[in-house]
Every structure is written in structure tokens, then in C-alpha cells.
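Below is one structure, written out as C-alpha cells; comments come after it.
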Amino acid sequence: MLTAQTATSALWFLPFATPIAIWAAWSDMATMKIPNKAVLALLVAFAIIGLIALPLPEYAWRWSHFAIILAVGFVMNMGGLLGAGDAKFAAAMAPFVLRQDAILFVYLFAAVLLAGFVTHRIAKRTPAIRARTEGWESWQRKDFPMGLCLGAALVFYLLIGVIYGR
């Protein structure tokens, strides 16, 4: 639900979440791993900035988003559906998303996932890009660096909140 509160909180979160999302995406493409430090940095960013950007009851409830997505992510990881780093990063992202925006975020993530997959596969087959990113693990493997799309979806969600939440 894009509201003025969404715009205000998104404006607070965006400058902190964006570099962490880029770090996670870059690392996942390069090594096929999202560093635990990136996950912790995103959680710390929410923990600190959330106190400023959100009313206290809302802030407290958003921590339940983390717990729920972490549990779902670990079940999916045990089923081989996604990597542990992806599950942890998705859980760290969850508090940034307003509960009422969950469906919007799922649609946004689906679009980003499709675009990210196609873009990654094109880049993987483009010699000029491969030459500049020599040794990237994601060029060698068949599985996909989900951190690329997780991070992008978070940044796009926050941008949408800033632009349309007013």
C-alpha cells in the first residue's frame, strides 16, 4: 500500500540498502555466494534506520517478516530450491517491505527475476562483458545468481515507494 509513510521510510532506507544490495548482487555473480556480512549489514541498516523511519509498533512487527521469510527460506534451501545465502538475504530484505505490499513485491520480484535471468544469460555470452569480469563463477555454472534479482527487487521496491508513495 503506497502511502506517504511508505515514501518517507523508503527515502530513509534507500541510501543504505542500495549499496548493500549492489554488493550482494556483485558478489553473487562473481562467486555464487552472498556474504554473511552483506546479510548482517542489511539487518543492521534496518535495525538502525528503521527506528528513525518507522513508528515503533510498525518497526517491531516488521521483525516478524524476517523470521517468517528466514523459516520459509531454510525450508526451500533444504528442498534444494535456492541457496542458503539467497534465503538469508531474502530474510534480511523482508523487514524493508510493508506487509500490505507483499503481493506488489512478489509481482515486482517476478518481473525482476525474468529480466535479470535474461540479462545475465545475454551478458554470459557477450565477449566484451566476459573479458571485464573474467573468472566470475556465475559464467561457469548453470545455476543462477539469485542475489542479482533479490538486491535489484529491493532497490526497485524502495524506489517505487519514494516515487509513488507521495
Open item on the list: To the closest 0.5 Å, what do you measure between NZ (Lys33) and CD (Glu137)?
Closed with: 7.0 Å
Task: Over 12 non-hydrogen atoms of neighbours within 6.0 angstrom of CG in Leu51 - done: yes
TODO: Check the hydrophobic clustering (I, L, V, M, F, W, Y; side-chain heavy atoms under 4.5 Å; chains of links allowed) and say if Met78 and Phe89 are grouped together.
DONE: no
Open item on the list: A side-chain contact here means heavy atoms from C-beta on lying under 4.5 Å apart; do Met146 and Leu82 qualify?
Closed with: no
Open item on the list: With heavy-atom distances below 4.5 Å as the criterion, would you say the side chains of Asp28 and Leu150 are in contact?
Closed with: no
TODO: Starting at CD1 of Ile34, measure out to CG of Leu148 and round the result to the nearest 0.5 Å.
DONE: 10.0 Å
Task: Transitive ILVMFWY side-chain link Ile129 to Ile22, under 4.5 Å - done: no
Open item on the list: If I take atom CG from residue Asn77 and atom NZ from residue Lys88, how far apart are they, to the nearest 0.5 angstrom?
Closed with: 9.0 Å
Task: Beyond-backbone contact of Leu154 with Leu42, side-chain heavy atoms, under 4.5 angstrom - done: yes
Open item on the list: Between Val106 and Val112, is there shared hydrophobic-cluster membership here, with clusters defined by ILVMFWY side-chain heavy atoms closer than 4.5 Å?
Closed with: no
Open item on the list: Could you see if Ile52 belongs to whatever hydrophobic cluster contains Val97? Use Ile, Leu, Val, Met, Phe, Trp, Tyr and a side-chain cutoff under 4.5 Å.
Closed with: yes
Task: Which residues share a side chain to side chain contact (heavy atoms under 4.5 Å, CB included) with Leu14, sequence neighbours left out - done: Thr18, Val155, Leu158, Leu159, Val162
Task: Smallest separation among heavy atoms of Phe13 and Ala53, with atom names - done: CZ-CB, 4.2 Å
Task: Note, Glu58 side chain near Leu98 side chain (heavy atom, < 4.5 Å) - done: yes
Task: Within one Ile-Leu-Val-Met-Phe-Trp-Tyr cluster: Phe105 and Ile68, side-chain cutoff 4.5 Å - done: no
TODO: Kindly give the heavy-atom pair with the smallest separation between Ala153 and Phe109, and that separation in Å.
DONE: CB-CD1, 3.8 Å
TODO: Using the side chain to side chain donor-acceptor pair (under 3.5 Å) rule, collect all pairs that involve residues 107-132, keeping only residues at least two apart or in two chains.
DONE: His120-Ser138
Open item on the list: Would you say that more than 12 heavy atoms from the other residues, nucleotides or ligands in this model lie under 6.0 Å from the CH2 of Trp139, or not?
Closed with: yes
Task: Sequence-distant partners of Trp63, side chain to side chain contact (heavy atoms under 4.5 Å, CB included), two or more places apart - done: Leu43, Phe46, Ala47, Tyr59, Phe66
TODO: Just jot down the ring pair (Phe, Tyr, Trp, His ring centres under 6.0 Å) partners of Trp26, sequence neighbours excluded, or say none.
DONE: Trp136
Open item on the list: Can you confirm whether or not the ring centre of Phe144 sits under 6.0 Å from the ring centre of Phe117?
Closed with: yes
Task: Residues that Ala94 engages under side chain to side chain contact (heavy atoms under 4.5 Å, CB included), provided they are two or more places apart - done: His65, Ile69
Open item on the list: Applying side chain to side chain contact (heavy atoms under 4.5 Å, CB included), can you list everything that pairs with Phe16, at least two apart in sequence or on another chain?
Closed with: Ala45, Ile49
Open item on the list: With a 3.5 Å distance limit and no angle check, can you tell me whether Ser64 reaches the backbone of Trp61 through a side-chain donor-acceptor pair?
Closed with: yes
